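First comes the structure, then the notes that go with it.
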Amino acid sequence: MTTLLRARASRLASVLLFGLVGLGCSAEASFDDLADEDAAVRGEALGDDGVEPMQGGETFLIQLEGLCSTHFLQGKTEGRLAHFDGVTPVDAYVDQRESMAVATSQLKAILDAYCLGDNACYVYTYSNGGAVISRTLSLYDTDWNILYVLNTASNEGGSELGGTGWLGEKLGSCTLSGHVGPADHRPGWNHNDTGGTSIYQIGGYDGWWYSSILLPKKHDGAVSFHSAAGLSKPMAASSLCQSKSLYWDGHEVAWSCEGYPLDHMGMKMKGLCELGGCE
Amino acid sequence: MSRARTLAVVASLSLGSVLVASLFREPSPKRLGALAHLSKTSATASIGAGKEAIAALPAPPLATASSASEAASPSATNDPLSVYLAQSVYPPTSRPLRAEQDDLIHPDRRYDPLRQAASEPRVTFLLTADRLFVTGDEETTVTLEVWRGEAPAAVQITRAEAFVEGAQGEPDAPPSRLDFAEDGLGYACRFSPARLIHGDDAAFVSVRVSFTGDGSLSETSRIRFQVTPPSAVPARFSGQFRDRIEDGSLVVEAGIDVEKAGRYAIDANLWGKDDRPVAWARFKGALTVQDAWVPLVFFGKAIRDAEPSLPLRLGELRGARLAEGKDPDLEAMAPYAPPYEVTLASLTELSEEPWESPKKRAMIRMLSAAEASPGAPRLSSISLR
C-alpha cells in the first residue's frame with residue numbers, strides 16, 4: 001500500500017498550472033498588540049504606508065473533486081478551473097475511488113507542495129472533497145497557509161445514500177461510495193479541529209425525486225443540508241442557517257441560508273462562480 | 001440504476017409523503033423505549049464473549065431542527081478576515097465545549113441511518129452498533145431493529161456474519177457466523193471483531209445481516225468497524241495524571257505508554273463540577289517510546305468564558321496514531337474512562353486573553369492582503385447567532 005500511495009502522489013507532477021502572480025506571506029510585519037478592533041488589525045496588517053507587507057510567494061486555488069473521482073476536471077460533472085487575477089488554479093489529483101486514507105494522504109501531499117513557506121492557498125471542494133479536506137486538516141498538524149476552504153455540496157457529514165448503491169450509480173461506482181455515510185464520516189475524525197482554517201459551506205436543494213426517501217428534509221439529491229452546512233449532528237434541516245452552536249467549530253455558511261435551486265451535480269461549480277471565478 | 005432498484009423506488013414512492021415523513025420524524029417514545037430495553041439485555045455470538053450486559057446503545061440518529069434553532073434571515077455578513085479574527089480568539093486545538101457537541105461528548109456515537117426496505121417499502125430498519133473504532137479485545141454490540149409502519153416487526157435473521165475486508169471491501173477470508181438473539185423489540189449480538197484479524201495491522205471489519213419477514217420482506221444490510229487488534233495498539237493510557245498552569249492555560253498531562261513512535265492525535269474534554277461542558281483540547285504531534293506524558297493544553301480563556309464551578313474533571317480521553325501509507329490509517333488507543341479531577345484551585349489562575357501566535361499574525365497578514373487584492377476571490381459568510 002505504501003508503494004501505491006507513493007505512486008499516486010507522484011501524479012502531482014501533472015497538476016495543471018495557469019498564470020503565476022503572487023500574494024505571498026513572508027514579511028515581518030509588527031503586531032505588538034492583536035487588537036480586538038477589526039479595523040485596527042486591518043490597518044496594521046496593510047501597514048501605515050499602505051504597502052502590502054508580504055512579498056515573494058504565490059497564491060494557489062486548490063480545486064478538489066468528489067466521490068469516485070481522481071481530479072477536478074475528471075469528475076462525472078463537468079468541471080472547469082477558476083480564473084482570478086493573481087491566483088493559480090490547481091486541479092488536485094486526489095484519488096477518491098478507494099479509501100479516505102488514500103485521499104487524505106494525497107491531499108496532504110498537494111497542500112505540502114503548494115501551501116507552505118511563502119505561498120498561500122484557497123481550497124475549493126466539491127461533494128466528498130469536503131470530507132477529505134476536513135479529515136486532512138484534522139489529522140495533520142502541518143502549518144499550511146490556507147486562507148480559507150469553500151465547500152460546495154459537502155459530504156463532510158456523510159450521505160444517507162452511502163452504502164445503498166445509489167450514490168455510486170449516480171456519481172460513479174467505486175469502492176469508496178459504500179463508505180461515505182454518516183456512520184463513516186461523523187465519528188471518523190474530529191471535525192472541530194480545522195487546524196485554524198475557516199471552512200465555508202454552500203448547499204443545493206433541488207433534490208432528485210427518489211433521494212427524498214432517504215435524505216432528510218432539504219437536500220440536493222446526494223447530501224442533506226445537515227452535511228452541506230457543516231452541522232455537528234445529522235438533523236432534518238430546512239435551512240443552512242442554524243444556531244451557531246450546532247456547527248462544527250470553524251465552519252461557516254456562505255452567502256445564502258436558503259441554498260441554491262440546484263441538484264448535486266449542478267452545485268459543482270456554483271461556489272467558484274459565486275466567488276467570481278467563472279467566465 | 002438497476003431495474004430492480006428502480007422498481008423498488010417507484011413502489012416506495014407510491015406510498016407518498018406519509019412514509020417519507022415517517023422516516024425522518026423525531027424518534028418516538030416507543031423506539032426509544034425499545035432501545036432502552038435492548039441496552040439491558042444480552043446476546044451471544046459464535047465468536048463473541050457470551051452473555052454479558054450490553055452497553056447502552058446510541059439513540060436513533062435523526063433530530064429535527066427546531067424553528068428556534070434555525071437562524072431566521074440573518075442579515076449581517078462577514079468577510080473572511082472578520083471570521084478568522086472571531087474564530088481565532090481560541091487556538092485550533094482547544095476551544096469551548098458546548099452541550100450540543102455530541103460528536104465530542106459521545107465520540108463513539110455512530111449515525112447509521114434508518115433504512116427503508118427495498119423489498120417491502122412499509123418496512124424500515126436500523127442496523128447499527130455502539131461504536132466505529134474498536135481497540136484491542138474490546139467487544140462491540142450490533143443491533144437490528146425493524147418496524148412495519150410504527151410497530152416493531154419480528155423478522156427471521158437468515159444469515160449474520162462478520163469478516164475482515166479485503167479488496168473492494170469483500171471478505172478477505174471466509175466470514176465468521178454471528179448469532180443474534182431476539183431481545184425485547186429487536187435483535188442484538190455482542191462480539192470482539194479483533195478476533196477475526198490475523199495480521200498486525202488495523203483493519204476494516206464488516207458485519208452483514210440478512211433477514212426475512214412477513215410478505216416479501218427480504219433484506220441484507222451491512223455496517224463496518226475500524227478495528228485495531230491488540231498487536232497493533234500503538235499506546236496505552238497509564239491512568240496517571242498531573243496538571244499545572246502554563247502561560248495562563250491549564251495543562252493536564254496524561255500518562256502514556258507508547259509502543260509505537262509516530263504522529264498522534266489525542267483528545268479530551270473538560271467538565272465543570274455541575275457536569276456542564278467547559279472546553280475540549282487536543283494534542284496533535286509526534287510521540288516517541290520515551291515519552292511518558294502527553295500534554296493536553298486547555299486554553300485559559302476557553303475555561304474562563306465557560307465560568308465553570310470547580311473542581312474541573314477530565315473526561316472522554318481517547319487517541320489514535322496516524323499510520324501513514326496504510327488503510328485504515330488510524331491505529332486507535334483504548335479510551336480511558338475514569339475521570340481525573342484537576343487540582344486547579346481558582347479560575348483566576350487562568351488567563352482571559354485571546355489566543356496569540358506567530359501563525360495567527362501570519363494569517364491576518366495573508367487575509368488582509370487578499371482582501372486588498374482586487375482580483376482575489378470574494379467571499380462573504382452569514383452571521384449566525
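Because only heavy atoms are used, hydrogens play no part in the values below, and waters and symmetry mates are left out as well, while side chains stay in. Here the structure is a predicted model, which is why all the values come from computation and not from measurement. Every chain is numbered from 1 and lettered A, B, ... according to where its sequence line falls, protein lines coming before strand lines.
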Between [X] and chain A, which part of the residue has a heavy atom less than 4.5 Å away: side chain, backbone, both or neither?
X: R98(B); answer: side chain
X: L322(B); answer: side chain
X: P107(B); answer: backbone
X: Y90(B); answer: neither
X: A376(B); answer: both
X: E165(B); answer: side chain
X: L104(B); answer: side chain

I'd like to know if [X] pairs up with [Y] as an ion pair, taking the criterion as any Lys NZ or Arg NE/NH1/NH2 lying under 4.0 Å from an Asp or Glu carboxylate oxygen.
X: K244(A); Y: E100(B); answer: no
X: D141(A); Y: R263(B); answer: yes
X: R361(B); Y: E356(B); answer: yes
X: R109(B); Y: D103(B); answer: no
X: E331(B); Y: R321(B); answer: yes

Do you know which of [options] has the most heavy-atom pairs under 4.5 Å to chain A?
options: R224(B), Q226(B), H106(B), E353(B); value: R224(B)
options: K359(B), R95(B), M363(B), Q168(B); value: K359(B)
options: D102(B), V83(B), T93(B), D267(B); value: V83(B)
options: P377(B), A320(B), S381(B); value: P377(B)

Which one wins on heavy-atom pair count under 4.5 Å against chain B: [options]?
options: G188(A), A254(A), S245(A), G250(A); answer: S245(A)
options: G158(A), G195(A), A82(A), G276(A); answer: G195(A)
options: T175(A), D193(A), D143(A); answer: D193(A)
options: G157(A), S256(A), G196(A), S198(A); answer: S198(A)

Might you point out which heavy atoms bring S368(B) and I364(B) nearest each other, and give the distance in Å?
OG-O, 2.7 Å
Between [X] and chain B, with a heavy-atom cut-off of 4.5 Å, which part of the residue counts as in contact: side chain, backbone, both or neither?
X: F225(A); answer: neither
X: T194(A); answer: neither
X: I146(A); answer: backbone

Member of D249(A), V123(A), L137(A) meeting the side chain to side chain contact (heavy atoms under 4.5 Å, CB included) criterion with I199(A):
L137(A)
Checking Q201(A) against E156(A): is there a side-chain donor and acceptor pair closer than 3.5 Å?
no
Pairing donors with acceptors under 3.5 angstrom, does anything connect the side chains of Q101(B) and N192(A)?
yes
Give, for atom OG of S380(B) and atom CH2 of W255(A), the distance between the pair rounded to the nearest 0.5 Å.
7.0 Å
Of the options Y122(A), Y247(A), Y148(A), which is the one that meets Y200(A) in a ring-ring contact (aromatic ring centres under 6.0 Å, His included)?
Y148(A)
